[in-house]
Amino acid sequence: MPGREQARYLDELNSEQRSAVETLDGPVLLLAGAGTGKTRALTTRIAHLINSRDVRPYRILAVTFTNKAAREMKTRVGQILGEVVEGMPWLGTFHSISARMLRYNAELAGLKSNFTILDTDDQVRLLKQVLQAADIDQKMFPARHLAGMIDRWKNRAWTPDKVPDREADWGRGRAIKLYSDYQDRLKTLNCVDFGDLLLHMVQIFSKNQAILDGYCRRLKYILVDEYQDANVAQYLWLRLLASQRQNICCVGDDDQSIYGWRGAEVGNILRFEKDFPNSKVFRLEQNYRSTGHILAAASHLISFNRNRLGKTLWTQSDQGEKVRLISHYDSVSEAVWVGDEIEAIQKGSRGRAPVALDDIAILQRTTFQMRQFEDRFLRIGLPYRVIGGPRFYERREIRDAIAYFRLAMSPADNLAFERIINTPRRGIGDKSFQMIFNRAREAGISLVEASGDLVSEGQFAAKTRRELDRFLGDLEVWGRIIHGGEKNHVEVAEQILDESGYAGHWASSKAVDAPGRLDNLKELVRSLHEFENLQGFLDHVSLVMDHDQETGEERVSLMTLHAAKGLEFPVVFLPGWEDGLFPSLRALATKSGNEALEEERRLGYVGITRAEKACYISFASRRRAISGEWTDCVPSRFIDELPEEHVDILPSHDASIFGAAVMPDWRFGETGFRQDTAAGSGINTPGWRRANARRNLVRSTPGRSPAFGGGQPNLGDATRFSVGDRVFHQKFGYGRILQIDHDKVRVRFETSSEWSIAASYLSPATTGGE
DNA sequence: AAGATCAAGCTTTTT
DNA sequence: GCTTGATCTT
């Protein structure tokens with residue numbers, strides 16, 4: 001009963017956590033550093049609302065970004081309250097909650113409440129049609145590109161009329177028109193894409209005070225997880241919903257904002273106090289995850305960031321092991337070494353107790369780094385799992401199967417029809433499809449209806465007609481069974497996959513991956529059991545994309561740094577700390593210097609703070625690039641930003657295998673990074689300094705200013721260049737500076753073109769041969 | 001209409 | 001270097 005029993009869960013919190021949990025009214029910003037019990041604070045707060053204020057669970061809006069986070073929150077609230085949390089309908093991801101709201105108010109967006117949510121695949125397919133209709137050269141202007149642009153616009157809550165003209169020179173100046181064409185097509189197809197889920201609701205809220213009032217009245221308390229990841233649309237959505245009661249509690253960590261490139265605005269968190277007057281800010285700074293050295297290394301690295309609110313993490317746990325730094329000859333030997341080290345750790349080495357494979361993770365900047373590890377681990381038989389690989393529901397066979405279900409359910413689903421009409425082969429090629437498509441457009445009917453008409457008119461080649469007729473007949477039968485409901489939905493699904501010939505198609509395929517795909521189909525059918533009916537399944541499938549398949553066996557985890565956020569492991573390997581790869585040259589080239597570099601640094605911070613007891617950082621002198629050829633590498637500038645007193649430099653493992661004499665292009669002598677140099681510090685060797693001369697030069701401004709001038713983004717940072725410097729531009733590639741004029745720089749590129757470019761679009765070329 | 005061959009692309013990722 | 005999409009060939 002509320003308040004009667006002194007809540008025991010409060011005793012388990014430290015004083016900051018407790019303040020954050022007990023300050024229930026008004027805006028609260030909870031700055032929670034890595035490993036400081038953020039989720040605990042958030043879930044306890046929910047429990048406390050329910051317990052002490054007697055707030056009904058359905059009056060609480062709790063938003064996360066991923067389904068996984070939502071699920072975890074739900075379970076943990078349940079644990080605190082002892083399983084009494086009956087239904088928190090408003091606990092979920094931004095998208096799933098907004099989708100539910102949109103279903104209630106669909107007509108206000110010109111939709112029917114049973115609209116379909118398109119994923120990226122469908123989206124691109126639709127855009128291709130739009131481009132084709134507009135007669136635009138798709139080679140010059142690929143649909144994927146447009147999809148990305150529209151996505152970014154929607155992230156910023158820009159409807160077609162709000163997109164600034166300067167954004168629109170794509171597609172012969174017709175980008176905005178194409179965007180609005182696309183929105184029209186979506187509406188007629190009764191579809192939305194992911195961005196629309198938020199955007200439509202923001203618009204509805206802005207235009208219909210009564211609707212907004214309704215939600216504001218109902219949702220008394222708002223909680224937001226990972227606030228630093230919110231984009232503008234999500235921010236507006238929240239601000240509208242919080243506008244009346246102002247009971248909003250956002251939890252986030254500006255230092256872990258690593259999704260700027262997909263629209264997240266760190267500015268949201270930095271601006272919170274302005275947006276919500278009279279807000280209270282609490283900081284969680286006691287770290288419960290990592291040992292002292294690891295925490296110190298991470299803190300020191302992130303301290304180079306300038307655009308941050310600033311926190312000082314501390315821990316009560318002992319210093320533990322220092323972060324280990326090791327160099328390798330190339331990316332292959334790096335993988336070999338990591339494999340060997342894992343086997344040693346597993347048995348227990350370096351005075352440590354044996355560590356289970358489940359407790360070890362390898363975190364990388366990019367996915368293509370993964371392969372070298374997979375190759376090696378397969379060879380030595382080290383079990384591993386790749387986290388965040390191609391998702392189950394995005395696999396071709398799964399999407400095909402889903403398209404069959406969708407079409408059987410609603411024959412007007414043109415996108416589904418288009419996807420599977422000729423898989424398996426039914427003799428419907430481009431020409432036949434064009435015929436159907438044209439007929440549908442002329443008569444204003446669906447593709448299914450159009451094919452029916454054409455068949456009865458005796459069109460098509462005889463074989464095609466027979467096949468198509470049969471398929472349409474099947475569709476009708478399946479539809480009747482589904483809607484009649486006399487048969488279990490799992491059986492219907494099996495029937496569809498059988499009779500359509502789709503399952504048979506994979507069963508008889510000789511492709512190497514065919515058996516695996518067949519397995520996935522079986523897995524799909526199995527997962528159908530968890531749903532009440534096919535419609536329920538389809539509703540969930542577009543938004544709830546994850547589907548973990550746990551095999552009982554112990555495995556090492558392989559994933560990207562991005563995928564690792566929110567996770568923790570006793571032992572963490574961070575390979576590939578080389579300039580150009582990490583920080584990623586491409587990331588640095590897309591935005592002007594500082595902003596992007598700081599995001600990369602945060603990525604490093606996220607990586608190190610995943611480690612509880614041991615953290616290995618490594619780099620190689622040569623690496624196989626994405627395109628297969630070998631490139632020489634220079635250690636990451638972030639290595640230089642690690643605090644020496646918290647780092648152990650391991651002797652280069654390869655020194656004993658390859659001597660400098662054997663490998664003439666051995667570079668460590670030049671780049672430094674030798675434990676035994678006179679300088680005493682393996683990091684700060686003369687060679688390493690030389691390799692970084694340019695950067696150090698720039699960084700010699702007083703204080704600990706970050707690399708690249710330390711100015712605010714877009715300040716005249718041409719000063720970081722001088723004539724003759726080798727630079728990189730995202731579009732034009734590598735080049736050399738001819739002339740500098742304020743922030744304009746004239747560059748001759750290796751494609752032998754010459755351009756004057758704002759310095760902010762250039763980055764120093766640190767890799768690649770001179 | 002389907003198989004075969006060629007060129008282009010390629011950071012990070014959720015919903 | 002490998003996958004994907006577009007074009008060519010049969």
Side-chain angles (χ1 to χ4, degrees), chain A residues 63-70 92-99 117-125 128 137-140 142-145 148 151 154-155 192-199 226 229-231 233-234 257-264 363-372 375 387-391 393-394 396 422-434 460-461 463-464 467 513 540-546 559-566 576 580-590 596 599-600 602-603 606-607 624-630 730:
Chain A
V63 214
T64 63
F65 279 85
T66 65
N67 293 297
K68 204 173 138 213
T93 64
F94 274 102
H95 289 86
S96 63
I97 290 173
S98 205
I117 301 165
L118 300 188
D119 59 25
T120 341
D121 228 62
D122 293 322
Q123 200 186 344
V124 171
R125 206 194 311 269
K128 277 184 181 162
D137 180 7
Q138 303 209 24
K139 259 204 194 123
M140 215 129 82
R144 283 205 167 278
H145 199 160
D151 209 47
K154 288 184 175 176
N155 284 160
V192 297
D193 61 21
F194 289 124
D196 282 340
L197 291 173
L198 273 296
L199 191 47
E226 307 278 16
D229 289 341
N231 61 37
Q234 286 157 340
S257 165
I258 54 176
Y259 285 107
W261 51 273
R262 75 173 197 216
L363 315 181
Q364 299 142 112
R365 175 67 246 257
T366 66
T367 40
F368 73 75
Q369 290 167 263
M370 220 87 93
R371 249 195 50 205
Q372 315 229 342
D375 286 352
I387 295 186
R391 266 161 292 285
Y393 290 116
E394 280 167 24
R396 179 146 54 110
N422 207 30
T423 23
R425 304 257 120 100
R426 293 192 179 87
I428 310 211
D430 279 352
K431 219 168 144 212
S432 305
F433 182 77
Q434 269 316 315
F460 307 115
K463 181 164 159 272
T464 304
E467 292 255 34
D513 53 357
H540 276 80
V541 86
S542 44
L543 285 174
V544 187
M545 279 300 220
D546 46 12
M559 69 192 90
T560 61
L561 288 163
H562 285 91
K565 191 162 71 124
L581 180 66
F582 179 61
S584 152
L585 200 55
R586 293 206 143 212
L588 299 189
T590 44
E599 180 152 320
E600 293 287 300
R602 291 194 288 268
L603 216 35
V606 166
R624 245 207 163 95
I626 203 167
S627 46
E629 78 273 19
W630 289 96
Q730 193 198 11

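Chain letters run A, B, ... following the sequence lines, proteins first, then strands; residues in each count from 1. We use all heavy atoms of the structure for the numbers below, so side chains are in, but hydrogens, waters and symmetry mates are not.
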CG on D151(A) to CZ on R144(A), rounded to 0.5 Å: 12.0 Å
Nucleotide nearest T366(A) when distance is taken to its side chain, options dT11(B), dT15(B), dT13(B): dT11(B)
Residue whose closest nucleotide on DNA chain B lies nearer the 5' end, R426(A) versus I258(A): R426(A)
Spacing between K128(A) atom NZ and dT4(C) atom P, to the nearest angstrom: 13 Å
Which nucleotide in dT12(B), dA1(B), dG3(B) has an atom nearest any side-chain atom of K431(A): dA1(B)
W261(A) ring over dT12(B) six-membered base ring, under 5.5 Å and 30°: yes
N-O pairing of E467(A) and R425(A) below 4.0 Å: no
Phosphate OP1/OP2 of dA1(B): any N422(A) side-chain N/O under 4.0 Å: no
Qualifying residue for side-chain contact (heavy atoms from CB on, under 4.5 Å) with K154(A), from N231(A), L197(A), D196(A): D196(A)
Rounded distance [0.5 Å steps], CD in Q234(A) versus CG in L198(A): 5.0 Å
K139(A) side-chain N/O to dA7(B) phosphate OP1/OP2 under 4.0 Å: no
Sugar-phosphate, base or nothing in reach of T464(A), heavy atoms under 4.0 Å: nothing
Sugar-phosphate, base or nothing in reach of S627(A), heavy atoms under 4.0 Å: base
Candidates dT13(B), dA6(C), dT15(B) - which lies nearest the side chain of Y259(A): dT13(B)
Selection from dT7(C), dT12(B), dA2(B) that lies nearest to any side-chain heavy atom of R425(A): dA2(B)
Pairwise distance NE2(H95(A)) to CG(N67(A)) - rounded to 0.5 angstrom: 10.5 Å
K68(A) NZ to dT13(B) C1', straight-line distance once rounded to whole Å: 14 Å
Rounded distance in Å - NZ (K565(A)) to P (dT13(B)): 13 Å
Spacing between M559(A) atom CE and dT11(B) atom P, to the nearest angstrom: 22 Å
Residue T367(A), side-chain heavy atoms: nucleotide from dT11(B), dT15(B), dG1(C) that is nearest: dT11(B)
Side-chain donor/acceptor contact of R365(A) with base of dT11(B) under 3.5 Å: no
